[in-house]
Amino acid sequence: GGANRIELCSNLIIGGTSPSLALFQEVHGATDIKIHVLLRPRAGDFCYSDFEFNIIKKEILIFKKAGADGIVIGILKPDGTMNKSRMKELMKCAGDMHVTLHRAFDMCADPYATLELAKEIGIHTILTSGQENHIQDGLKLVKELVQLSADDINILVGSGVSGDNTWTIYNETKATCYHLSGKEIIESKMEYRKEKVSMGLDGLNEYQILRTNQKKIEAVHRILSKYLV
């Protein structure tokens, strides 16, 4: 659809968690575009225990060895500031891999201070919706972040990007990097359905599957190609 890299994760319905090595290998073998791996040991906040932190470090080494081009990470302290020491330790494990600070940025207490800290420690990209659930509500902050980034760090716009709003986002913010799932809902091929038994979240229809739609990716790419050279 025109995408130039993939952020690979599992469990997108809960915000994404670390993918399995088998999933990475399957995707890596099916495409030649760059793959950045989301490393998040669980759903919820980004204040991790020592055990969870060690898992992330081990996952970096596993996916680095497997051929991943980048990692997507984020750790916060209880007070809402970025955990500088732990982020630097993860980046040391990553070596020359591309490092993206994921939407832990949108959960931090001070986006401006976090932006400067991210630049200071050498993070390459920040994924953000402007500290809102939907990018349409966060355009003001994203515009400021693009201006403050001063070409030292990429501002990657996400959460609700589509062909319907890409031009508006670009026109308002001048952001040049866009992140989307482009998902659609397809029906399961299951004919027999045990409706009263649930394997997961309450209210989740387990006979509907989310899948990326190539045309939705193409729609965003088509709009951006008019403005970005």
Side-chain angles (χ1 to χ4, degrees), residues 1 3-76 86-87 90-91 93-94 97-107 125-129 133-135 156-162 178-190 197-214 216-217:
N4 58 12
R5 73 179 185 229
I6 294 170
E7 179 185 307
L8 185 65
C9 69
S10 292
N11 301 312
L12 186 59
I13 198 165
I14 53 173
T17 56
S18 303
S20 68
L21 179 59
L23 174 59
F24 173 83
Q25 291 171 334
E26 191 72 11
V27 175
H28 190 251
T31 183
D32 58 0
I33 66 175
K34 293 180 179 180
I35 303 175
H36 293 185
V37 180
L38 173 71
L39 300 179
R40 185 177 179 221
R42 57 164 171 78
D45 63 42
F46 302 101
C47 185
Y48 295 123
S49 69
D50 291 344
F51 292 110
E52 291 166 335
F53 179 59
N54 287 334
I55 289 170
I56 297 172
K57 286 197 294 184
K58 290 176 181 178
E59 287 179 327
I60 290 174
L61 299 178
I62 289 170
F63 287 109
K64 182 179 181 181
K65 183 177 181 180
D69 299 285
I71 56 171
V72 185
I73 55 175
I75 300 181
L76 300 179
R86 286 199 159 183
M87 287 293 289
L90 295 183
M91 292 175 69
C93 292
M97 298 173 79
H98 188 105
V99 177
T100 298
L101 171 59
H102 58 42
R103 291 187 67 216
F105 178 86
D106 285 332
M107 304 294 285
T125 298
I126 293 175
L127 171 61
T128 180
S129 58
N133 282 329
H134 195 286
I135 181 57
L156 176 60
V157 179
S159 190
V161 173
S162 72
Y178 291 77
H179 168 100
L180 69 153
S181 64
K183 61 181 176 291
E184 64 175 343
I185 297 175
I186 63 173
E187 284 294 316
S188 166
K189 293 182 179 179
M190 282 293 299
V197 179
S198 174
M199 295 292 105
L201 299 173
D202 290 339
L204 176 65
N205 186 333
E206 292 167 342
Y207 299 102
Q208 291 183 332
I209 301 167
L210 299 180
R211 185 167 295 169
T212 295
N213 183 312
Q214 178 179 330
K216 292 187 177 184
I217 307 300

Heavy-atom check, side chain of [X] versus side chain of [Y], under 4.5 Å:
X: Leu127; Y: Glu7; result: yes
X: Phe46; Y: Arg40; result: yes
X: Glu187; Y: Gln208; result: yes
X: Met87; Y: Ile73; result: yes
X: Asp45; Y: Met107; result: no
X: Leu90; Y: Lys57; result: yes
X: Asp69; Y: Arg5; result: no
X: Phe63; Y: Pro19; result: yes

[X] [atom1]: over 12 foreign heavy atoms closer than 6.0 Å:
X: Glu52; atom1: CD; value: yes
X: Asn54; atom1: CG; value: yes
X: Arg211; atom1: CZ; value: no
X: Gln25; atom1: CD; value: yes

Quiz item: Within 45° of the six-membered ring axis of Tyr48 and under 6.0 Å from that ring's centre, is NZ or CZ of Arg86 located there?
Solution: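 Ring-cation test returns no.
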Q.
Exactly one of Val99, Ile56, Leu38 should register a side chain to side chain contact (heavy atoms under 4.5 Å, CB included) with Ile71. Which one does?
A.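 It is Val99; the other options fail the test.
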Q: Applying side-chain contact (heavy atoms from CB on, under 4.5 Å), run through Ile185 and Leu210 and close with a yes or a no.
A: CA-CA 5 Å; Ile185 297 175; Leu210 299 180; 3.6 Å; yes
How far apart are the closest heavy atoms of [X] and [Y], and which atoms are they?
X: Leu61; Y: Cys93; result: CD2-O, 4.0 Å
X: Ile135; Y: Gly160; result: CG2-C, 4.0 Å
X: Ser188; Y: Ile209; result: CA-CD1, 4.1 Å
X: Ser129; Y: Asp106; result: N-OD2, 2.9 Å

May I ask you to say whether Lys216 pairs ionically with Glu184, meaning some side-chain N is under 4.0 Å from a carboxylate O?
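Salt bridge absent between Lys216 and Glu184.
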Counting N and O atoms only, with roles assigned by atom type, does the side chain of [X] sit under 3.5 Å from a partner on the main chain of [Y], one being a donor and the other an acceptor?
X: Asn11; Y: Thr17; result: no
X: His102; Y: Gly74; result: yes
X: Thr212; Y: Ser181; result: yes

[atom1]/[X] to [atom2]/[Y] distance, rounded to the nearest 0.5 angstrom?
X: Ser18; Y: Lys58; atom1: OG; atom2: NZ; value: 13.5 Å
X: Met97; Y: Lys64; atom1: CE; atom2: NZ; value: 7.5 Å
X: His179; Y: Arg103; atom1: NE2; atom2: CZ; value: 8.0 Å
X: Lys183; Y: Ser162; atom1: NZ; atom2: OG; value: 10.5 Å
X: Cys47; Y: Leu76; atom1: SG; atom2: CG; value: 7.5 Å
X: Ile60; Y: Met91; atom1: CD1; atom2: CE; value: 10.0 Å

Practice item. Please assess Asn4 against Ile33 for the test side-chain contact (heavy atoms from CB on, under 4.5 Å), listing each intermediate value before the final yes or no. Key: CA-CA 6 Å; Asn4 58 12; Ile33 66 175; 5.8 Å; no
